[in-house]
Amino acid sequence: MCGVVGAIAARNIVPLLIDGLRRLEYRGYDSAGIAVLTEQGIERVRRVGRVAEMQAAAEAVELAAGLGIGHTRWATHGGVTEPNAHPHISRDQIAVVHNGIIENHEAQRERLLALGYEFTSQTDTEVIAHLIHYYYQSTADLFEATRLAVRELSGAYAICVMALDRPEELACARMGCPLLIGLGEGENFIASDVSAVLSATRRVMFLEEGDVARVSRQTVQVIDGQDQPCERPVLLSDVSLASLELGPYSHFMQKEIHEQPKALSDTLEQILEQGFTPDLFGEQAASRFNEVTGLLILACGTSYYAGLTAKYWIEGIAGLPCHVEIASEYRYRDAWADPNYLVVTLSQSGETLDTAEALKRAKELGHKTTLSICNVMGSAIPRASDLVFYTRAGAEIGVASTKAFTTQLLALFTLAVTLAKQRQRLDEATETSYLDALRHLPGSVQHALNLEPQITLWAEQFAKRHHALFLGRGVHYPIALEGALKLKEITYIHAEAYPAGELKHGPLALVDEDMPVVVIAPNDSLLEKVKSNMQEVRARGGELFVFADLDSHFHDSEGVHVIRTPRHVGVLSPVVHAIPVQLLAYHAALARGTDVDKPRNLAKSVTVE
Ligand code: F6R
């Protein structure tokens, strides 16, 4: 999705803007641009393609300035062309970069055309530039003109604005899209994502919905959605610069797959220290959990699959009903609501629009308590929730989610056990065995990572196929779904997942010798059932690729290939079995030569509908 940066400093901010945009590249984009204030006026460089191409163009003209804004664009309104790339400029005086979608842009466009403004792009953003320009004529105040303009917009925006005759300030505003201000020493920054300001400062102020801010080198002035002056807290970001660098790896996805033992250990630290206590989820969690009669989990994509896995734990261990729903569906339906159902949103980024809107909808429908499990400190969804659990996976840059998924599973398992304990459904021996299982989890995940050479050989065969089927049962069915999603999003191979018991109700018709069938088959209570489902596949000529553990007692035979983890890890087995399906997708993508970290048509943070 689009990325926004802005900077005001006594030094040349062009390298800072470009560095910030480079760090936003992972979000997905198709063009980039910057505008800076020089003695010549507002100078702008835009390019379709990579930030590097825009950087080369900026360096060629030796662009240097103390104030400027920049953008990476992921096309929504209008094609991928240079005229549609941001920043957009109104009458050489106002320049704007924008994330989000302006819903009333057509009406505004008509109005601005009638006022004599000319449009040079097909974007919804250009109306913002002209509207601010329009108000700037009467107010001569960039902040005030921005405030008046955004109050007339409907839709979602995070904008950063500069004016030709305002070398001492920038303005910015947000609604529905994240925006923060990075506070330096005698210099300040604006960005849609903390990674863009980290090389300059760790001190960040997250803006809230409806906020408009005036940002100078020394000061920041904020008003809220009711136009009242307000203070926003200053936080110290815990994102490390190292997590934003590739290091010895070829891709961020590869790095992040291999970081999982550490991501899990880091997330586990507080759990092992405190035990299964509600405090892990926030100060008020103990009293709130007492009232809980069920759970409603809302999420998208991979996070949704983490929720589906959790349903087995919540119902099986905590004995509470658990509904899991895709956020983009939930937000638009008249869902039945029990106020005492705890709403749990799962989001790596904390800014997925559908999940944020589903959370809002759940509150409107009367749910009393909301919990966010999230990987990005201070992002929109945890800020809108009563309770928060932060996974400590570190920045996830690859578009395909990996370490965020396994740490979400860890958080959800902990939630299930904590609720069970609070409901007095947990005896001491079981509690100890769960703590032990958690303690061993990073090691078991490392064992699974050690299977990489064998998985690579399989991946080379998958790379030549056009379709694949993933099967699992019970708590491993969501892992089959996740395996299919990973494969399709980064290799573009068509993949589907089914609970193995569903095969004979339709999908078995797809099975022939050209259909590789991946089966997640650890030694759990459904193993015998899975084995007979596998027979159904073999009998139709399907080739089986089985992820099992030593205790499943599978061996290679004709048409059956087996990779085994050393031992069965019990209740946390889905976390361990997530690793081989991630590695399979990664190596199949390498063999096919696709852009692993930035798969076509996808973006990391989905901040639009
Ligand atoms: C798939 C993937 C997506 C995200 C989904 C939700 O690999 O990464 O399906 O899981 O877009 O994103 P978050 O978790 O940031 O809300």
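Bear in mind the structure is a predicted one, so any value in this text is a computation, not a measurement. Counting starts at 1 for both ligands and their atoms, in listed order.
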Task: Atom indices of ligand 1 within 4.0 angstrom of Lys486 heavy atoms, with elements - done: 1 (C), 7 (O)
Open item on the list: With heavy-atom distances below 4.0 Å as the criterion, list the atoms of ligand 1 near Ser347.
Closed with: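 This gives 13 (P), 14 (O), 15 (O), 16 (O) as the contact atoms.
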Lys/Arg-Asp/Glu bridge criterion (N-O < 4.0 Å) met for [X], [Y]:
X      : Y      : result
Arg333 : Glu329 : no
Arg361 : Glu364 : yes
Arg383 : Glu208 : yes

Task: N or O contact, Val399 vs ligand 1, cut-off under 3.5 Å - done: yes
TODO: Return yes when Leu602 approaches ligand 1 closer than 4.0 angstrom through a heavy atom, no otherwise.
DONE: no
TODO: Give a yes/no on ligand 1: does Glu351 have at least one heavy atom closer than 4.0 angstrom to it?
DONE: no
Open item on the list: So which atom in Arg73 and which in Ala85 form the shortest heavy-atom distance, rounded to 0.1 Å?
Closed with: CD-CA, 4.0 Å
Could you identify the single nearest non-hydrogen protein atom to [atom] and state the distance to 0.1 Å?
atom                    : value
atom 13 (P) of ligand 1 : Thr352 OG1, 3.2 Å
atom 4 (C) of ligand 1  : Thr302 N, 4.0 Å
atom 11 (O) of ligand 1 : Val606 CG2, 4.1 Å
atom 5 (C) of ligand 1  : Cys300 O, 3.6 Å
atom 15 (O) of ligand 1 : Ser349 OG, 2.7 Å

Open item on the list: Please classify the Glu489 to ligand 1 contact at 4.0 Å (heavy-atom distances, strictly less than): side chain, backbone, both or neither.
Closed with: side chain
Open item on the list: Could you tell me if the side chain of Cys172 sits less than 4.5 Å from the side chain of Leu207, heavy atoms only?
Closed with: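 Yes; the side chains approach each other to less than 4.5 Å.
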Open item on the list: Testing Leu359, Ile326, Asp354 one by one against Arg331 for a side-chain contact (heavy atoms from CB on, under 4.5 Å), which residue passes?
Closed with: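 Testing each of Leu359, Ile326, Asp354 against Arg331, the sole residue satisfying side-chain contact (heavy atoms from CB on, under 4.5 Å) is Asp354.
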Task: Partners meeting side-chain contact (heavy atoms from CB on, under 4.5 Å) with Thr407 (sequence neighbours left out) - done: Ala263, Leu264, Thr267, Thr391, Ala393
Please list, one pair per line, the donor and acceptor atoms closer than 3.5 Å that link side chains of residues 452-463 to other protein atoms, with sequence neighbours excluded.
residue : atom : partner : partner atom : Å
Glu452  : OE1  : His258  : NE2          : 2.8
Glu452  : OE2  : His587  : NE2          : 2.6
Thr456  : OG1  : Glu452  : O            : 2.6

